[in-house]
Amino acid sequence: MREILGRRRRLRLRRKEATARLDAALTCATVWQWPVLPGVGTAQPADPYGESAGLGCACPEPDCAVPGAHPFDPGLLAATTDERMVRWWWTNRPAAPVLLATGGRAPCAVSLPAVAGARALSALDALGMRLGPVVATPTRWSLLVAPYTLERLGELLYAKDWVPSSLRFHGEGGYLVLPPSRTGAGQVRWERPPASLGASGSLVSRGRGKDGAPAVASPWLPDVEAVLDALVEASTGAPGGGSRLAH
């Protein structure tokens, strides 16, 4: 009986998590107009008793550096804001992580090791800096910023004496895994949720649109220049400089 009840609880939990991922993907795509696609997802490792006892990647690469947290099939160019496509993807692959295709009209992001990310947020808060959404995984934190071009990013980085290799920039042609996904590194969550999401994770209405439906503003995003100095300084002091591979 206990075994049956345990299976039922796990089944209810999986259904709840699948619904949450579909809702998140639909919010990004249809409300905020952020193009999304499903990530490759995770799989049980071939040797569950080997050195990597955690979940592996569902892609063919046996030593994938970012298990579950990258595009595979479909590829990144398939990212869309089309509701029907998003529903079809997550109806057929309910466990798939939600990936944001960064750049263009969509947000960009700057990610850094988790310890450095916590330090950077404390420094920015002390300065009274307004921040946008912050995504956290067990190993890295990512600050979403307004879209930038590679040329502008290059100019900003050229002006720095040194930029830690642990900083990663997610711009045009890049991607970022979003909550409430689960990857080989663990659970993905909002360290700072988008302003248009309440504390419970539900959408906050901003009045009514022309059609009478509740209007929800896209999350506000800071300029990358406003946060770059704090991120560079925090990453410089991170233990070991942070891994370039861990997501």
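Keep in mind it's a predicted model, so treat the numbers as computed, not measured. Note: hydrogens, waters and symmetry copies are ignored here, and every other heavy atom, side chains too, is used.
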Next on the checklist: Just verifying a value: how many Å separate D223 CG and C108 SG, rounded to the nearest 0.5 Å?
Outcome noted: 10.5 Å
Checklist outcome for this item: Scanning both residues in full, the closest heavy-atom pair of A109 with L176 reads CB-CD2, 3.9 Å
Checklist entry - Quick one: which of R119, R130, M129 gives a side chain to side chain contact (heavy atoms under 4.5 Å, CB included) with L124? => result M129
Checklist entry - Does R182 reach the side chain of P97, with side-chain heavy atoms less than 4.5 Å apart? => result no
Checklist entry - For V40, what are the other residues in its hydrophobic cluster, where any two members join if their side-chain heavy atoms are less than 4.5 angstrom apart? => result F72
Checklist entry - Once you round to the nearest 0.5 Å, how far does OG1 of T81 lie from CZ of R105? => result 10.0 Å
Checklist outcome for this item: Tightest non-hydrogen contact, residues P133 and W190, listed as CB-CZ3, 3.6 Å
Item to check | Intermediate values then yes/no, side-chain contact (heavy atoms from CB on, under 4.5 Å), F169 and L153 | outcome: CA-CA 9 Å; F169 298 91; L153 178 63; 3.7 Å; yes
Checklist outcome for this item: Here the pair of heavy atoms bringing V86 nearest to A29 is CG2-CB, 3.9 Å
Checklist entry - Would a distance-only check, ignoring hydrogens and angles, find a side-chain to backbone donor-acceptor pair under 3.5 Å from Q187 to P180? => result yes
Next on the checklist: Let me confirm one number: the OG-CG distance from S111 to L144, rounded to the nearest 0.5 Å.
Outcome noted: 10.5 Å
Next on the checklist: Same cluster or not: L112 versus L157, using hydrophobic residues (I, L, V, M, F, W, Y) connected whenever any side-chain heavy atoms lie under 4.5 Å apart?
Outcome noted: yes
Item to check | Worked verdict on R192 versus D125 for salt bridge (Lys or Arg N to Asp or Glu O under 4.0 Å) | outcome: CA-CA 12 Å; R192 300 283 176 90; D125 285 342; 2.5 Å; yes
Checklist entry - H170 side chain to T102 main-chain N or O, any donor-acceptor pair under 3.5 Å? => result no
Checklist entry - Backbone N or O of G56 within a donor-acceptor pair of the T42 side chain at under 3.5 Å? => result no
Checklist entry - Which heavy atom of S181 sits nearest a heavy atom of V98, and at what distance? => result OG-N, 2.7 Å
Item to check | Spacing of L127 atom CG and S122 atom OG [to the nearest 0.5 Å] | outcome: 11.0 Å
Checklist entry - Could D73 and R93 be called an ion pair, given the rule that one side-chain N must be under 4.0 Å from one carboxylate O? => result no
Item to check | Within one Ile-Leu-Val-Met-Phe-Trp-Tyr cluster: L99 and W88, side-chain cutoff 4.5 Å | outcome: yes
Next on the checklist: Working to the nearest 0.5 angstrom, can you tell me the gap between W162 CH2 and T236 OG1?
Outcome noted: 5.0 Å
Item to check | Nearest heavy atoms of T183 and A69, plus distance in Å | outcome: CG2-CB, 3.8 Å
Checklist entry - Taking atom CD of E191 as the centre, does the number of heavy atoms from other residues, nucleotides or ligands within less than 6.0 Å exceed 12? => result yes
Next on the checklist: Looking at W90, I'd like to know if the NZ or CZ of R21 sits under 6.0 Å from its six-membered ring centre while staying within 45 degrees of the ring's axis.
Outcome noted: no
Checklist outcome for this item: Between G132 and P222, the two heavy atoms sitting closest are N-CD, 3.6 Å
Next on the checklist: Please determine whether residues L150 and V163 belong to a single hydrophobic cluster, defined as Ile, Leu, Val, Met, Phe, Trp and Tyr linked transitively by side-chain heavy-atom distances below 4.5 Å.
Outcome noted: no
Checklist entry - From C28 SG over to Q33 CD, what is the distance, rounded to the nearest 0.5 angstrom? => result 11.0 Å
